[in-house]
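Remarks on the structure that follows.
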Amino acid sequence: KGTGMYSSSSNVTTNNGLITAATGITDAVGIYGKSVNNTSSGKITVGDGSIAIYTNDRNVTNSGNITVGKNKAIGVLAIGTNQNIALNGNISIGNDSFGLVNKGTNNIITSSASDTTVGTDAVFIYQNDNSGKVTNNTKLISTGDRNYGLYGNGTMENYGTIDFSNGNGNVGI
């Protein structure tokens with residue numbers, strides 16, 4: 001357990017470097033903040049059951065690299081209201097894990113990340129909000145079974161290619 005960067009301030013918490021949770025550490029958080037910017041030189045790596053970015057109030061921009069492990073690990077967890085979340089850069093998702101989970105209200109999520117491959121039992125974007133909006137421009141590719149590209153409530157628009165032809169039981173949207 002532990003947190004790489006923490007801020008309760010309304011100012012932007014910016015990562016220009018490397019944040020890594022040690023191997024075997026679960027329930028770690030890479031960045032916990034109200035407004036988070038993982039720049040193009042930023043790299044966040046967390047293991048199984050951990051969260052790369054946790055945000056509860058303002059905006060998130062990821063232009064860097066996010067890598068999450070297995071077993072319910074999450075790339076970005078958003079629980080705030082009226083947030084703008086921009087996924088760019090690279091996102092690597094372990095089996096049985098999530099790229100982004102939106103538990104907030106009225107959040108706008110836009111993904112233009114690099115091509116993203118999911119293995120088994122992974123979800124690229126999960127939205128638990130009827131008033132939120134997801135716009136996906138990211139190409140999604142499956143290598144295993146039971147994956148979801150975009151899953152949840154609210155408005156979901158896909159402009160990226162979702163190629164889930166490898167594996168069984170995969171769902172694009």
Side-chain angles (χ1 to χ4, degrees), residues 10 12-15 29-44 46 51-68 72-144 146-167 169-173:
S10 295
V12 177
T13 303
T14 301
N15 179 43
V29 176
I31 299 175
Y32 179 105
K34 292 184 181 291
S35 185
V36 175
N37 181 14
N38 188 42
T39 69
S40 61
S41 60
K43 183 175 181 181
I44 304 170
V46 296
I51 300 168
I53 297 173
Y54 177 99
T55 176
N56 61 1
D57 190 19
R58 293 195 169 59
N59 302 327
V60 173
T61 301
N62 176 61
S63 299
N65 294 300
I66 293 176
T67 302
V68 297
K72 309 293 185 238
I74 300 171
V76 176
L77 174 60
I79 65 167
T81 301
N82 298 320
Q83 293 178 274
N84 288 306
I85 301 161
L87 298 177
N88 302 302
N90 298 299
I91 300 173
S92 178
I93 307 165
N95 292 339
D96 192 29
S97 292
F98 302 85
L100 180 139
V101 173
N102 176 30
K103 289 189 175 183
T105 304
N106 204 39
N107 291 337
I108 297 173
I109 299 158
T110 304
S111 178
S112 296
S114 300
D115 295 359
T116 301
T117 301
V118 293
T120 300
D121 295 320
V123 178
F124 182 61
I125 296 176
Y126 171 78
Q127 174 165 264
N128 187 29
D129 173 34
N130 288 330
S131 61
K133 180 179 180 183
V134 172
T135 303
N136 180 54
N137 300 298
T138 300
K139 180 177 182 179
L140 303 174
I141 305 151
S142 67
T143 59
R146 299 173 306 277
N147 296 294
Y148 291 88
L150 309 176
Y151 181 89
N153 301 311
T155 301
M156 293 199 172
E157 297 176 356
N158 181 61
Y159 299 98
T161 299
I162 299 177
D163 181 359
F164 279 5
S165 58
N166 291 319
N170 295 314
V171 177
I173 302 174

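Here the straight-line distance linking atom CG of N38 with atom CD1 of I66 works out to 5.5 Å at 0.5 Å rounding. Atom CD1 of I51 is separated from atom CZ of F98 by 11.0 Å, given to the nearest 0.5 angstrom. The line from CD1 of I162 to CD1 of I141 is 11.0 Å long, rounded to the nearest 0.5 Å. Taking CG of N82 as the reference point, atom CG of N84 lies at 8.5 Å (rounded to 0.5 Å). Rounding to the nearest 0.5 Å places OG of S111 at 8.5 Å from CG of L100. Between the CG atom of N15 and the CD1 atom of I31 there is a distance of 4.5 Å, given to the nearest 0.5 Å.
N56 places no side-chain N or O within donor-acceptor distance of the main-chain N or O of G80, the cut-off being under 3.5 Å. Remark: the backbone N or O of S40 is not paired with any side-chain donor or acceptor of S63 at under 3.5 angstrom. With hydrogens and angles disregarded, no donor-acceptor distance shorter than 3.5 Å links the side chain of N107 to the backbone of G132. A distance-only check finds no donor-acceptor pair linking the side chain of N137 to the backbone of G160 [under 3.5 Å]. Between the side chain of N130 and the main chain of N153, no donor-acceptor pair closer than 3.5 Å is present. In this structure, the side chain of T120 does not engage the main chain of G144 through any donor-acceptor pair within 3.5 Å. When atom types are taken as modelled, the side chain of Q83 and the backbone of R58 share a donor-acceptor pair closer than 3.5 angstrom. Between the side chain of S97 and the backbone N or O of I74 there is no donor-acceptor pair closer than 3.5 Å. Within the 3.5 Å criterion, the main-chain N or O of G89 finds a donor-acceptor partner in the side chain of S114.
The side-chain heavy atoms of Y54 and I79, taken from C-beta on, include a pair separated by under 4.5 Å. The shortest distance between side-chain heavy atoms of D96 and K72 falls below 4.5 Å. Residues D121 and N95 form no side-chain contact, since every pair of their non-hydrogen atoms from C-beta on lies 4.5 Å or further apart. Counting heavy atoms from C-beta outward, S142 and N166 have side chains that approach closer than 4.5 Å. Between N147 and L140 there is no side-chain heavy-atom pair separated by less than 4.5 Å. Side chains of F124 and N136 form a contact here, defined as non-hydrogen atoms less than 4.5 Å apart. Contact annotation: the side chain of V76 approaches that of L87 to within less than 4.5 Å [non-hydrogen atoms, C-beta and beyond]. Between Q127 and K133 there is no side-chain heavy-atom pair separated by less than 4.5 Å.
Contact between A52 and I44 at its shortest, heavy atoms only, is CB-CG2, 3.7 Å. Taking every heavy atom of both residues into account, T13 and G33 meet most closely at OG1-CA, 4.4 Å. Shortest non-hydrogen contact noted between V68 and A73 is CB-CB, 3.8 Å. Closest of all the heavy-atom pairs between N158 and I173 is CB-CD1, 3.5 Å. The shortest non-hydrogen separation linking N170 to R146 is OD1-N, 3.1 Å. Nearest heavy atoms, T105 versus S131: CG2-OG, 3.7 Å.
Here the options are V134, D129, L77, I125, the test is side chain to side chain contact (heavy atoms under 4.5 Å, CB included), and the partner is N102; only D129 passes.
Shown here are the side-chain hydrogen bond (donor to acceptor under 3.5 Å, both in side chains) partners of N65, two or more places apart in sequence or in another chain: N90.
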Q) When you look at F164 and V118, which way does the side chain to side chain contact (heavy atoms under 4.5 Å, CB included) test go after all the steps? A) CA-CA 9 Å; F164 279 5; V118 293; 4.0 Å; yes
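Inspection of the T117 and T143 side chains reveals no N or O donor paired with an N or O acceptor under 3.5 Å.
With a 6.0 Å radius and a threshold of 12 heavy atoms from other residues, nucleotides or ligands, K43 has its NZ atom at or below the threshold.
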